[in-house]
2 protein chains.
Amino acid sequence: MKPVAHAANAQYRIQTVARLTGVPSPTLRAWERRYGIPSPQRTESSYRLYTDADVELIRRLKELCDQGMAPSQAADVVRRMAENEPPAVDELPTDAWQVAAERIIDAVKRFDPSALEMAVQRSMLLGSARTIFDRVFAPALRRIGDEWHAGQLSIAQEHLASEYLGNATRELLRLVQPTAPLRTVVLACIAGEYHVMALYGTALHFVQWGYRVVILGVDTPPEALADSVASLHPHAVGLSATQVHPREQFAQILTRYADAIGPTPWVIGGHAANQHGPLIDRLGGILARQGQDPEAVRDALEVRLRERRVEAAGA
Amino acid sequence: MKPVAHAANAQYRIQTVARLTGVPSPTLRAWERRYGIPSPQRTESSYRLYTDADVELIRRLKELCDQGMAPSQAADVVRRMAENEPPAVDELPTDAWQVAAERIIDAVKRFDPSALEMAVQRSMLLGSARTIFDRVFAPALRRIGDEWHAGQLSIAQEHLASEYLGNATRELLRLVQPTAPLRTVVLACIAGEYHVMALYGTALHFVQWGYRVVILGVDTPPEALADSVASLHPHAVGLSATQVHPREQFAQILTRYADAIGPTPWVIGGHAANQHGPLIDRLGGILARQGQDPEAVRDALEVRLRERRVEAAGA
DNA sequence: CAGGGTGTGTCCACACTTTGGATAAAGTCT
DNA sequence: AGACTTTATCCAAAGTGTGGACACACCCTG
């Protein structure tokens, strides 16, 4: 989030920065004098020249102060943060995600749990929760799955990776769950389905859209979903179906789920769902296609929600 | 979202801590004066600077006080809890764990995810990881399972509880994993087994005994175990088997696992294993009986390990 | 049941620290 | 010329520390 997009290396004078950050200029000078944050360059005539990085530091400082932390302590935190993450200066990290995924895959290949733990923990500093999942964990898992199918990895290695990446993803989700959610969504894997990662990936998207996510987990029968909808009145329901079933059987299963969910909008994703677009459409669900822009799902969901509101108002 | 605020170890002033914990600042000062809990660092000007660890201590203290314990005693318990693992002196807080479990069950009955989350988080202040699991999570899950079988809870509620308590337990385990482990143990659920909680409970015991725990997770086939043993050379293997099979079939399954594990000592627990003591004995495994003192398992394991060392020395 | 002792949360007075903002005087930019 | 910056100094409000005091609830004992 650069303040100005057009000028890459723009420099600002103090009044501009004050307007940009909402921190009065006397305070900016006081902070610099007292805590050394930030330390802008100077012109020959000793005018302060703030860079985007400086503005970013000030923003963080202000945010911490707004949260109630004392400015002196906040400055301490920001200073340590700045020292700890010089690589994340947006310069090189184009392939940082890839490198992180590589490190994870490598640890799995060497069957080294300690290295895997470390690789995963390091990945968790590479951006927002969703970014980490979409660009590190998911690609790593996909490659590990592929190599397992190709016989180059043992099932033990696949299990190990699932366990560690699953834990890390759950932790990410816990860290970003909104405190004051706008809406609620219930997520579950359909009966017989035990692969949970896609569900957590979906959860991260919903969280970013402002939903509170309630996860029922693997192997959730239709009755359980019906109960949840009746008790929680979620704004939406998300299902995951990875294991492929024959068309007839899948239609039967999915109908039971659609009935259980009732008029609440629902989304379904996963490898199995991908192959039954028309069926899902007929049952009133939204298909989250693999590789599709997740925003499309969001838009479709918004349409359904608006429809429901209109219906409710009309009735 | 917040980038990595948790990565920077911040320090807080007294009012921030008061807001964070809900304990008024005069009380914080009184607690420090009277019980020495916590003992924050000071600035040069003798302002108190609380670390995250201090906040954690205060949260625990408050949690115990809220449950009716006298602050002086609570301070005693917390101090023992902080100094070393064995907070064995649980004279009066006997019902604190029970109250916590009750709160969890109640939230599940009301199908209230927010209340459940809060109840679980509060429980996590009540002692060492193992204590929390053994005396809060496990009893709560058992009761929830019972009431579900009795038809008083829906399967959705059971799923919800599993999800939240599972996540909390994984977090506990992550927090206590030793950095410099003495030994390694590989833990897994046998093929077709998808109940994971017992495995994590076992993991917490092994961690307390100084092991590094590598979890392969649910539905782990014998081949995966063989690979893991070959790659990691663990000192022991732990299996979990909840789903009951007929004797013949179980014998066949278990034999394949025993073969896969080889000469490494192995333990098996869970409802299904309980019914096949002689079989397990014949295959050279150690049965972890339900309700049995876990130390017995540890002792049996120590015997096997000593035998192996003798053999290795003799050969 | 009365009375003394105890544990506990809260409050107070007084001195010190932190912090945002104000002012003044001189220099700089446009 | 007028708007903006810089430095330095000052100020007032809010926060904090210390030690003690006080009211209330509780327990035990006579």
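In what follows, chains carry the letters A, B, and so on, assigned in the order in which the sequence lines appear, proteins first and then strands, with residues in each chain numbered from 1.
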Inset, instruction - Taking only the side-chain nitrogens and oxygens of A/Arg13, find out if one of them lies under 4.0 Å from OP1 or OP2 of D/dC4. - result: no
Inset, instruction - Assess whether one donor atom and one acceptor atom, taken from the side chain of B/Tyr47 and the base of D/dG15, lie less than 3.5 Å apart. - result: yes
Legend entry - Rounded distance in Å - CG (B/Leu28) to P (D/dG17): 10 Å
Inset, instruction - Decide, yes or no, whether a salt bridge links B/Asp146 with B/Arg142 under the criterion of side-chain N to carboxylate O below 4.0 Å. - result: no
Inset, instruction - Write down the distance between CZ (A/Arg29) and P (D/dT9), rounded to a whole number of angstrom. - result: 16 Å
Legend entry - First-last contacting nucleotides on DNA chain C - partner chain B, under 4.0 angstrom, heavy atom: C/dT8 to C/dT19
Inset, instruction - Flag the pair B/Glu147 and B/Arg143 as a salt bridge only when some basic side-chain nitrogen lies within less than 4.0 angstrom of an acidic carboxylate oxygen. - result: yes
Legend entry - Nucleic acid contacts - residues 15-23 of chain B versus DNA chain C, non-hydrogen atoms under 4.0 Å: none
Legend entry - B/Gln177 (side chain) donor-acceptor with B/Val213 (main chain) under 3.5 angstrom: yes
Inset, instruction - Check whether any side-chain N or O of B/Ser162 sits under 3.5 Å from a backbone N or O of B/Glu158 as a donor-acceptor pair, and report yes or no. - result: yes
Inset, instruction - Please collect all salt bridge (Lys or Arg N to Asp or Glu O under 4.0 Å) contacts where either partner lies in residues 23-33 of chain B, sequence neighbours excluded, each pair once. - result: B/Glu32-B/Arg42, B/Glu32-B/Arg48
Legend entry - Sugar-phosphate, base or nothing in reach of B/Arg48, heavy atoms under 4.0 Å: sugar-phosphate
Inset, instruction - Indicate whether any N or O donor in one side chain lies under 3.5 Å from an N or O acceptor in the other, for B/Tyr12 and B/Asp52. - result: yes
Legend entry - Basic-acidic side-chain contact under 4.0 Å: B/Arg122, B/Glu117: no
Legend entry - Difference in axis direction between the ends of the helix from C/dC1-D/dG30 to C/dT30-D/dA1, five pairs, 10°: 30°
Legend entry - Heavy-atom donor-acceptor pair, A/Gln73 side chain to B/Gln11 backbone, under 3.5 Å: no
Inset, instruction - Give a yes or no on whether a salt bridge exists between A/Arg298 and A/Glu295, defined as a side-chain N under 4.0 angstrom from a carboxylate O. - result: yes
Legend entry - Check ion pair B/Asp106-B/Arg103 (N to O, under 4.0 angstrom): no
Legend entry - Straight-line distance of A/Arg19 CZ to A/Gln15 CD, nearest 0.5 Å: 7.5 Å
Legend entry - Earlier contact from the 5' end, DNA chain C, for B/Thr27 and B/Ser45: B/Thr27
Inset, instruction - Would you kindly give the CD1-to-C1' distance between B/Ile14 and D/dG17, to the nearest whole Å? - result: 9 Å
Legend entry - Carboxylate-amine/guanidinium proximity below 4.0 Å for A/Glu56 and A/Lys62: no
Legend entry - Nucleic acid contacts - residues 30-43 of chain B versus DNA chain C, non-hydrogen atoms under 4.0 Å: B/Ala30, B/Trp31, B/Arg34, B/Tyr35
Inset, instruction - List for me each residue that meets ring-ring contact (aromatic ring centres under 6.0 Å, His included) alongside B/Phe206, sequence neighbours excluded, and say none if there are none. - result: B/Trp209, B/Tyr211
